[in-house]
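Reading through the structure tokens given below for one structure.
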Amino acid sequence: MEGLRRCIGLPAVVVVLMFAAMMLPEVAAIRYIVGANMGWTTNVNYTTWAQDKHFYNGDWLFFVYDRNQMNVLEVNQTDYESCISDHPLHNWTTGAGRDVVPLNVTKTYYFISGKGFCYGGMKVAIHVQDPPPPPSSSPIRNASPTLMSTLRGQVIVPALFAIAAVWDSFIFLL
């Protein structure tokens, strides 16, 4: 009897979880490895690497480099252009050579490597923008809600949840 209860109650849980998953917003954050397969090193044109990418609020940068030689410093635009690493806004260097930077503000981020490597091109500017709005569904034909859309949103979906809950309770009593 217990196995029957679990077996029949499980589909109700699955249906409820499916409905809940459909109501969650889509999350599409991307983790970019800076410099792709070359990583954060010398002899890479990071301007070229970044130019065809769209960086959005919520994405991540992953810096992979030789921890004994390089570092990852966030600086202002003036220090970026002049390769000045004396007063970084943030030192993202953890010492492991594998540093993750969250892009959680809509702005242009400026990263350099100190110790003279910036002069050799180890710098990148990342322009972060808000994500684009989700694609719209078919155009709205009528500005006022129809009877069917009102019933679907306010009656049918809640009724399905109520039926699933009653069914699950009924099966639990068996």
Side-chain angles (χ1 to χ4, degrees), residues 14-145 149-150 152-154 157-158 161:
V14 171
V15 169
V16 169
L17 290 176
M18 286 174 49
F19 274 114
M22 288 187 319
M23 290 184 228
L24 292 175
E26 183 179 331
V27 178
I30 297 175
R31 184 189 74 166
Y32 292 95
I33 298 175
V34 177
N37 60 345
M38 296 297 292
W40 186 236
T41 188
T42 57
N43 300 320
V44 175
N45 186 331
Y46 293 99
T47 302
T48 302
W49 171 80
Q51 75 184 4
D52 64 340
K53 293 169 183 53
H54 295 281
F55 299 97
Y56 296 113
N57 192 339
D59 288 345
W60 300 80
L61 294 179
F62 188 48
F63 289 85
V64 180
Y65 58 95
D66 181 350
R67 68 183 179 155
N68 297 316
Q69 294 185 17
M70 287 100 178
N71 57 12
V72 179
L73 305 174
E74 182 180 349
V75 295
N76 62 32
Q77 183 177 2
T78 303
D79 289 351
Y80 172 82
E81 291 167 353
S82 304
C83 287
I84 298 173
S85 61
D86 295 340
H87 305 288
L89 300 175
H90 195 284
N91 184 347
W92 291 99
T93 309
T94 61
R98 309 276 184 272
D99 298 325
V100 179
V101 177
L103 302 175
N104 52 13
V105 177
T106 302
K107 68 176 189 174
T108 300
Y109 290 81
Y110 298 97
F111 298 100
I112 66 172
S113 182
K115 303 177 184 177
F117 289 104
C118 177
Y119 295 108
M122 281 189 68
K123 61 182 186 175
V124 64
I126 304 293
H127 180 69
V128 177
Q129 48 194 329
D130 284 325
S136 61
S137 56
S138 60
I140 299 173
R141 294 183 189 149
N142 189 354
S144 62
S149 67
T150 303
R152 185 179 334 129
Q154 296 179 356
V157 173
F161 280 110

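Applying the disulfide bond (SG atoms under 2.5 Å apart) definition to pairs two or more places apart or across chains, none involves residues 41-77. Pairs passing the salt bridge (Lys or Arg N to Asp or Glu O under 4.0 Å) check and including a residue from residues 100-112, sequence neighbours excluded, read Glu74-Lys107. The salt bridge (Lys or Arg N to Asp or Glu O under 4.0 Å) contacts involving residues 32-59 comprise nothing, where partners must be two or more places apart or lie in separate chains. For residues 90-100, the set of pairs meeting the salt bridge (Lys or Arg N to Asp or Glu O under 4.0 Å) definition, not counting sequence neighbours, is empty. A side-chain hydrogen bond (donor to acceptor under 3.5 Å, both in side chains) check over residues 118-131, counting only residues at least two apart or in different chains, returns the pairs Thr106-Asp130, Thr108-His127. Among residue pairs with one or both ends in residues 34-45, none qualify as salt bridge (Lys or Arg N to Asp or Glu O under 4.0 Å); sequence neighbours excluded.
By the side chain to side chain donor-acceptor pair (under 3.5 Å) test, Asn104 is found to be paired with no residue, residues two or more places apart in sequence or in another chain being considered. With sequence neighbours excluded, no residue forms a side chain to side chain donor-acceptor pair (under 3.5 Å) with Asn76.
Going from atom OG1 of Thr94 over to atom CZ of Arg67 covers 9.5 Å, rounded to the nearest 0.5 Å. A distance of 9.0 Å separates OH of Tyr65 from CE of Met122, quoted to the nearest 0.5 Å.
Side-chain contact between Leu103 and Leu61 is present, with heavy atoms from C-beta onward closer than 4.5 Å. Using a 4.5 Å heavy-atom threshold, the side chains of Phe55 and Tyr32 count as touching.
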Table please: side-chain donor-acceptor pairs of residues 78-89 below 3.5 Å, with sequence neighbours left out.
{"unit_1": "Tyr80", "atom_1": "OH", "unit_2": "Ala125", "atom_2": "N", "d": "3.4"}
{"unit_1": "Glu81", "atom_1": "OE2", "unit_2": "Gln77", "atom_2": "NE2", "d": "3.0"}
{"unit_1": "Ser82", "atom_1": "OG", "unit_2": "Thr78", "atom_2": "O", "d": "3.2"}

List the atom pairs, donor and acceptor, that lie under 3.5 Å between side-chain atoms in residues 37-44 and the rest of the protein, sequence neighbours left out.
{"unit_1": "Trp40", "atom_1": "NE1", "unit_2": "Asn71", "atom_2": "O", "d": "2.9"}

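Shown here is His90, whose NE2 atom has more than 12 heavy atoms of other residues, nucleotides or ligands within 6.0 Å. Counting non-hydrogen atoms of neighbouring residues, nucleotides and ligands closer than 6.0 angstrom, the CH2 atom of Trp49 exceeds 12 such neighbours.
Two rings, from Tyr46 and Phe111, have their centers 6.0 Å or more apart.
In plain terms, the two heavy atoms of Ala29 and Gly58 that are nearest each other are CB-O, 3.2 Å. Across every non-hydrogen atom of Pro131 and Asn57, the tightest pair is CG-O, 4.0 Å.
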